[in-house]
Amino acid sequence: MAKSPEVKLAVFGRAGVGKSALVVRFLTRRFIWEYDPTLESTYRHQANIDDEAVTMEILDTAGQEDIQQREGHMRWGDGFVLVYDITDRGSFEEVGPLRSLLEEVKKPKNVPLVLVGNKSDLDHVRQVGTEEGERLAAEMACAFYECSACADEGGAVAEAFHELCREVRRR
Ligand code: GDP
Ligand code: MG
């Protein structure tokens, strides 16, 4: 029998956007309020996506690594979750440069991505409109999800990871 395919996914975004919370939500369906912000971890996770067993390796970056480390993470990954916080415009503005660096590092391949606007439960302090996220995703030709690691009602967090796996497998 064929070995189940392995997909390496890395999660990027400014410190504090909720990368760790999203990864933990995806893996455990739970929300952990405080998570060591300096920690970088890799997890293995198996899932059935479209009736196929997929093994994921997920790298939760700390978001404060130097450029060499960051490029190393980019070379390692097959697909990337770019996360911003809808209540932090600066985190949204960091997505474009991250994407440019990815394109540079992964050249000449075009890079499987999903864009995630996290903390959608904090709509009352929102700084980035849903349409702005949609527009950026359209520019980057990738899928877009607004979601909340702490109140993930529709399962958008898992959907974002699964869609990224599909995107990697399509390449
Ligand atoms: P990271 O630095 O990107 O890994 O961010 P963390 O996962 O450590 O989260 C940073 C902070 O944002 C923590 O205080 C989390 O509790 C909080 N947080 C993460 N996701 C959400 C979310 O969806 N909603 C809200 N309200 N807070 C969140
Ligand atoms: Mg973290």
Side-chain angles (χ1 to χ4, degrees), residues 7-45 47 56-102 105 111-134 136-137 140 142-165 167:
V7 181
K8 293 187 185 126
L9 307 181
V11 185
F12 279 98
R14 173 186 269 195
V17 295
K19 297 177 297 297
S20 301
L22 286 166
V23 170
V24 169
R25 158 67 72 181
F26 174 54
L27 297 175
T28 68
R29 301 200 176 86
R30 288 197 175 79
F31 180 65
I32 294 172
W33 274 104
E34 287 311 325
Y35 204 85
D36 182 348
T38 62
L39 212 65
E40 171 186 306
S41 332
T42 327
Y43 303 87
R44 280 177 82 81
H45 178 69
M56 287 166 236
E57 263 192 84
I58 301 175
L59 171 64
D60 171 23
T61 66
Q64 45 189 244
E65 44 282 289
D66 64 31
I67 189 84
Q68 272 88 9
Q69 288 170 307
R70 182 167 289 180
E71 290 184 9
H73 293 152
M74 289 178 169
R75 276 191 291 275
W76 174 86
D78 303 317
F80 301 88
V81 183
L82 302 186
V83 185
Y84 67 93
D85 169 353
I86 67 152
T87 73
D88 174 10
R89 173 157 297 275
S91 72
F92 181 68
E93 286 164 358
E94 282 182 24
V95 171
L98 267 177
R99 200 289 188 120
S100 304
L101 184 61
L102 264 173
V105 170
V111 189
L113 295 178
V114 295
L115 178 64
V116 170
N118 188 39
K119 309 197 187 180
S120 61
D121 55 294
L122 299 180
D123 197 51
H124 54 292
V125 284
R126 176 191 284 275
Q127 292 182 355
V128 183
T130 304
E131 343 59 67
E132 294 179 86
E134 286 167 351
L136 179 59
M140 305 193 302
C142 72
F144 171 60
Y145 299 88
E146 259 192 10
C147 60
S148 164
C150 78
D152 182 36
E153 274 132 24
V157 175
E159 189 44 44
F161 280 92
H162 287 186
E163 183 55 28
L164 181 56
C165 283
E167 194 56 40

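Start at 1 and go down the list; that is how both ligands and their atoms are numbered. Just so it is clear, the model here is predicted, and its values are computed rather than measured.
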(request) Taking only Lys NZ, Arg NE, NH1 and NH2, and the carboxylate oxygens of Asp or Glu, determine whether E57 and K8 approach each other closer than 4.0 Å. (result) no
Taking a 3.5 Å cut-off between nitrogen or oxygen atoms, can you list every pair linking ligand 1 to the protein, with distances?
residue: ligand 1; atom: 2 (O); partner: G16; partner atom: N; Å: 2.8
residue: ligand 1; atom: 3 (O); partner: V17; partner atom: N; Å: 3.4
residue: ligand 1; atom: 3 (O); partner: G18; partner atom: N; Å: 3.0
residue: ligand 1; atom: 3 (O); partner: K19; partner atom: N; Å: 2.8
residue: ligand 1; atom: 3 (O); partner: K19; partner atom: NZ; Å: 2.7
residue: ligand 1; atom: 4 (O); partner: S20; partner atom: N; Å: 2.9
residue: ligand 1; atom: 4 (O); partner: S20; partner atom: OG; Å: 2.9
residue: ligand 1; atom: 5 (O); partner: G18; partner atom: N; Å: 3.0
residue: ligand 1; atom: 7 (O); partner: S20; partner atom: N; Å: 3.3
residue: ligand 1; atom: 7 (O); partner: A21; partner atom: N; Å: 2.8
residue: ligand 1; atom: 12 (O); partner: K119; partner atom: NZ; Å: 3.0
residue: ligand 1; atom: 14 (O); partner: E34; partner atom: OE2; Å: 3.3
residue: ligand 1; atom: 16 (O); partner: W33; partner atom: O; Å: 2.5
residue: ligand 1; atom: 20 (N); partner: N118; partner atom: ND2; Å: 3.2
residue: ligand 1; atom: 23 (O); partner: N118; partner atom: OD1; Å: 3.3
residue: ligand 1; atom: 23 (O); partner: D121; partner atom: OD1; Å: 3.4
residue: ligand 1; atom: 23 (O); partner: S148; partner atom: OG; Å: 3.3
residue: ligand 1; atom: 23 (O); partner: A149; partner atom: N; Å: 2.8
residue: ligand 1; atom: 23 (O); partner: C150; partner atom: N; Å: 3.4
residue: ligand 1; atom: 24 (N); partner: D121; partner atom: OD1; Å: 2.8
residue: ligand 1; atom: 24 (N); partner: D121; partner atom: OD2; Å: 3.3
residue: ligand 1; atom: 26 (N); partner: D121; partner atom: OD2; Å: 2.8

(message) Under a 3.5 Å cutoff, is there a donor and acceptor pairing between the side chains of D60 and S41?
(response) no
(request) Confirm or rule out an N/O/S atom of T38, from backbone or side chain, lying less than 2.8 Å from the Mg ion (ligand 2). (result) no
(message) Please verify the inter-ring angle class for F12 with F80; under 30° counts as parallel, over 60° as perpendicular, anything in between as tilted.
(response) tilted
(message) Can you confirm whether V81 sits close enough to L22 that some side-chain heavy atom of one is under 4.5 Å from a side-chain heavy atom of the other?
(response) no
(message) Please confirm whether the ring centroid of H45 lies under 6.0 Å from the ring centroid of F161.
(response) no
(message) Using a strict threshold of under 4.0 Å (side-chain N to carboxylate O), is an ion pair present between R126 and E132?
(response) no
